[in-house]
Asks: 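Handing you this structure, nothing more for now.
These numbers come from a predicted model, not from an experiment. Just so you know, residue 1 is the first one in the sequence shown, and it goes up from there. Order of listing sets the numbers, starting from 1, for every ligand and every atom in it.
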Amino acid sequence: MKKVLVTGGAGYIGSHTVLSLLKDGYNVVVIDDLSNSSRESLTRVEALAQRKVEFIHASLLDYDKLCAAFTTHQFDSVIHFAGLKAVGESIEKPLEYYYTNLVSTLNLCQCMLKFSVNKLVFSSSATVYGQGASVPYTEDLPLGRAASPYGQTKVMIEQILQEIVASKTGLQVASLRYFNPIGADISGQIGEDPLGIPNNLMPFIAQVAVGKRDKLAIFGGDYPTEDGTCERDYIHVSDLAKGHIKALKWLGEQHHSLYEAFNLGTGTPYSVLGIVKAFIEYTGVDINFDIVKRRDGDLAAFWADSSKAKAILGWQCKYTLADMMKDTWRWQSNNPNGYPNV
Ligand code: NAD
Ligand code: WQD
């Protein structure tokens, strides 16, 4: 059985991917500093999969602890989720974001090369296309200038990984550019559990629905879109998780240094109002909202062309918008306060 190191595996996308990996027969070692997650997510993943995960509580900034993981385990590949991800916070704390996201990735690459672990799946983002790119986004568009330090860390990491690959180190990288991941595992046992006030749309709606917040503020009703609110490509987190398995399998068939980026989205944009209406329709729970002024840095509309991931990785989305809404609600209503502090 192949052994995968999953950095940041206790987080939202990480925990869903670990569940998919375990179900697919992989052995999984997670390294996470729990700075934005709970150990409980992996306890639940283990219960769902009826298999164990080896957990290392450490930061990727701690090079010695990271190396120790590579000494203890013989990894076939690495999936790299770990990092800070709040766009607004990154504008307030650029140094912390550049330091954490870049140094974590550099440490990881050092260890991988030192221990001859060559296969890397990296969590990138649609934000790397920057502003003004034509839609739908295709992978042959150049890397842009992201609207935040957070986004810039993704641009920079993609560039760094490309240069390490070009230097013929043997590294093989699949950078997965996620669009807007939402939803939760169908069990309702694991899901998105943001600290404090949610920055993202779906967890905010879910917290309004469960009565933790009064009303949703919709940022901007005067965009050049059909209903005036921004449009995004929302993708079910379990489809996203599958994309990582497909990428690992594809990397497993490669024998030379390579760098490939893949968009992971559904290809269908929905507006903010469209999402609110879908949530109400598919869950039967009303959402109180106001339309307020625009949020700095938001683009009017973007969505993915994911035909490359389909053609090369054999990946396709299977979940519908209704699934995304119902699964979000199942998670939030079962766990109104997220994971318990255990
Ligand atoms: P998350 O915060 O839930 O998961 C990230 C995990 O990394 C957390 O468990 C956190 O504790 C851990 N972590 C942070 N810094 C660490 C460090 N230095 N060492 C070890 N662990 C560390 O976020 P997520 O939504 O699951 O995102 C996972 C990845 O996908 C991130 O790299 C994020 O930037 C990227 N991404 C997320 C989205 C999104 O909308 N959620 C979109 C595009 C890309
Ligand atoms: C979606 C839409 C908001 C909250 C961000 C990052 C991106 C990626 C995913 C990591 C927008 C509107 C939101 C609210 C609202 N992350 N909204 N009221 O901005 O598309 O992408 O997360 O890589 O890099 O930039 O996602 O969920 O924040 O917003 O009206 O309270 O919902 O204006 O139109 P976004 P989001």
Asks: Picking from Y137, Y223, Y129, what satisfies ring pair (Phe, Tyr, Trp, His ring centres under 6.0 Å) with F302?
Replies: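 Between F302 and the candidates, ring pair (Phe, Tyr, Trp, His ring centres under 6.0 Å) is satisfied uniquely by Y137.
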Asks: Any luck finding a side-chain donor-acceptor pair between D233 and T266 under 3.5 Å?
Replies: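 Yes, a side-chain donor-acceptor pair sits under 3.5 Å.
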Asks: Given the ring of Y26, does K2 sit roughly above its face, with NZ or CZ under 6.0 Å from the centre of the six-membered ring and within 45° of the axis?
Replies: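 Not satisfied by the 6.0 Å and 45° rule.
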Asks: Could you tell me whether Y234 and W303 have their ring centroids closer than 6.0 angstrom?
Replies: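 No; W303 has its ring centre 6.0 Å or more from that of Y234.
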Asks: Would you please name every residue forming a side-chain hydrogen bond (donor to acceptor under 3.5 Å, both in side chains) with D327, sequence neighbours left out?
Replies: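 Result, side-chain hydrogen bond (donor to acceptor under 3.5 Å, both in side chains) vs D327: H236, R330.
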Asks: What do you reckon, are the aromatic ring centroids of F122 and H244 less than 6.0 Å apart?
Replies: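 No; H244 has its ring centre 6.0 Å or more from that of F122.
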Asks: Can you work out which protein residues put a heavy atom within less than 4.0 Å of ligand 2?
Replies: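 Ligand 2 pocket, heavy atoms under 4.0 Å: V87, S125, T127, Y150, N180, N199, N200, L201, L216, A217, I218, F219, C230, R232, Y234, V272, R295, D298.
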Asks: Show every salt bridge (charged side-chain N to carboxylate O under 4.0 Å, His left out) that has at least one partner inside residues 94-116, sequence neighbours left out.
Replies: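 Every pair satisfying salt bridge (charged side-chain N to carboxylate O under 4.0 Å, His left out) with a residue in residues 94-116: there are none.
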Asks: Looking at K246 and E253, is any side-chain nitrogen of the basic one under 4.0 Å from a carboxylate oxygen of the acidic one?
Replies: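 No, this pair does not count.
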Asks: Apply side chain to side chain donor-acceptor pair (under 3.5 Å) to Y319 and S238, showing your working.
Replies: CA-CA 8 Å; Y319 293 100; S238 300; 4.6 Å; no
Asks: Tabulate distances under 3.5 Å between N/O atoms of ligand 1 and N/O atoms of the protein, writing both atom names on each line.
Replies:
residue, atom, partner, partner atom, Å
ligand 1, 2 (O), N36, ND2, 2.7
ligand 1, 3 (O), Y12, N, 2.9
ligand 1, 9 (O), G11, N, 3.3
ligand 1, 9 (O), D32, OD1, 3.2
ligand 1, 9 (O), D32, OD2, 2.6
ligand 1, 9 (O), S37, OG, 2.6
ligand 1, 11 (O), D32, OD1, 2.7
ligand 1, 11 (O), D33, OD1, 3.4
ligand 1, 11 (O), S35, N, 3.1
ligand 1, 11 (O), S35, OG, 3.4
ligand 1, 11 (O), N36, N, 3.0
ligand 1, 11 (O), S37, OG, 3.2
ligand 1, 13 (N), D33, OD1, 3.4
ligand 1, 18 (N), S59, OG, 3.3
ligand 1, 18 (N), S104, OG, 3.4
ligand 1, 19 (N), L60, N, 2.9
ligand 1, 21 (N), D33, N, 3.2
ligand 1, 21 (N), D33, OD1, 3.4
ligand 1, 25 (O), K85, NZ, 2.9
ligand 1, 26 (O), Y12, N, 3.3
ligand 1, 26 (O), I13, N, 2.8
ligand 1, 32 (O), F81, O, 2.8
ligand 1, 32 (O), K154, NZ, 2.9
ligand 1, 34 (O), Y150, OH, 2.6
ligand 1, 34 (O), K154, NZ, 3.1

